[in-house]
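All remarks here apply to the structure that follows.
No experiment lies behind these values; they were computed from the predicted model shown. Position 1 is the first residue of the sequence, and the numbers go up from there.
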Amino acid sequence: MAKDLMKWTNVSSLQNEINRMFDQFFRGWDFSGFGQEAGTWSPSIDLAETDESVVVKAEIPGIDPKEVNISIQDNNLIIKGEKKEEKEEKGKNYYRMERSYGRFSRSVELPASVDMEKVNAECKNGVLEITLPKKEEVRPKQISVKVS
């Protein structure tokens, strides 16, 4: 029984050493595209909060804003859409056509309750900007107090 325990201890030590070597070797490498299904893409998102509103910016270059669906469910902002891109090149001795398609969906938990009746979205130069005004009751209030 002691031999079996010693065997497993050695295997565990070997596995830990191999994991350490792989971690050290691959440190700093970007694997963000690996493991994703073909055709998937996800826009980068920035989130900012002010006293009056929450602003979400999503990078959607090459996507028709009409192909983007924005909704709010349970205090989550959901942005869905589809990227359809075609590139065509013609030359004297060649013809090349590339197509890429992919649906995307991003969900962002909103840090405050928003007034859903006043949400505004605008798209300029491939950047979708969604402004979500806060409800009056969650906005910070300031009062002056006189010292007597």
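One distance of note links CD of E67 with CD of E82; it measures 6.5 Å at 0.5 Å rounding.
Heavy atoms of other residues, nucleotides or ligands lying less than 6.0 angstrom from CD of E88 number more than 12.
The closest side-chain heavy-atom distance from S53 to L132 is not below 4.5 Å. Residues E89 and Y95 are not in side-chain contact: their nearest non-hydrogen atoms beyond the backbone lie 4.5 Å or more apart. The side-chain heavy atoms of I78 and S105, taken from C-beta on, include a pair separated by under 4.5 Å. I60 places a side-chain heavy atom less than 4.5 Å from the side chain of C123. Between E49 and K134, the closest side-chain pair of non-hydrogen atoms falls below 4.5 Å.
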>> Go through it in stages, so that I can follow the logic: the residues are I79 and I130, the test is side-chain contact (heavy atoms from CB on, under 4.5 Å), and I'd like the CA-CA distance, side-chain angles, deciding distance and then a yes or no.
In response: CA-CA 10 Å; I79 305 169; I130 306 164; 3.8 Å; yes
>> Could you go through T131 and V54, starting from their C-alpha distance and side-chain angles, then the distance that decides it, and tell me whether this counts as side-chain contact (heavy atoms from CB on, under 4.5 Å)?
In response: CA-CA 6 Å; T131 305; V54 175; over 6 Å; no
>> Applying side-chain contact (heavy atoms from CB on, under 4.5 Å) to V55 and T50, what does each step give before you reach the verdict?
In response: CA-CA 8 Å; V55 178; T50 66; 5.6 Å; no
>> Determine whether R96 and E98 satisfy the following criterion, salt bridge (charged side-chain N to carboxylate O under 4.0 Å, His left out), listing intermediate values before the conclusion.
In response: CA-CA 7 Å; R96 183 171 113 181; E98 290 186 16; 3.1 Å; yes
> Does the pair F104 and K80 meet the rule for a side-chain contact (heavy atoms from CB on, under 4.5 Å), with working shown?
Replying inline: CA-CA 6 Å; F104 67 88; K80 292 182 179 181; 5.7 Å; no
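The main-chain N or O of P43 is found under 3.5 Å from a side-chain atom of R106 such that the two form a donor-acceptor pair. Put simply, the side chain of D64 gets close to the backbone of K66: a donor and an acceptor are under 3.5 Å apart.
The pair K57-E59 does not count as a salt bridge, with every side-chain nitrogen at least 4.0 angstrom from each carboxylate oxygen.
Under a hydrophobic clustering in which Ile, Leu, Val, Met, Phe, Trp and Tyr are joined whenever their side-chain heavy atoms come within less than 4.5 Å, directly or via other members, L128 and L110 fall into the same cluster.
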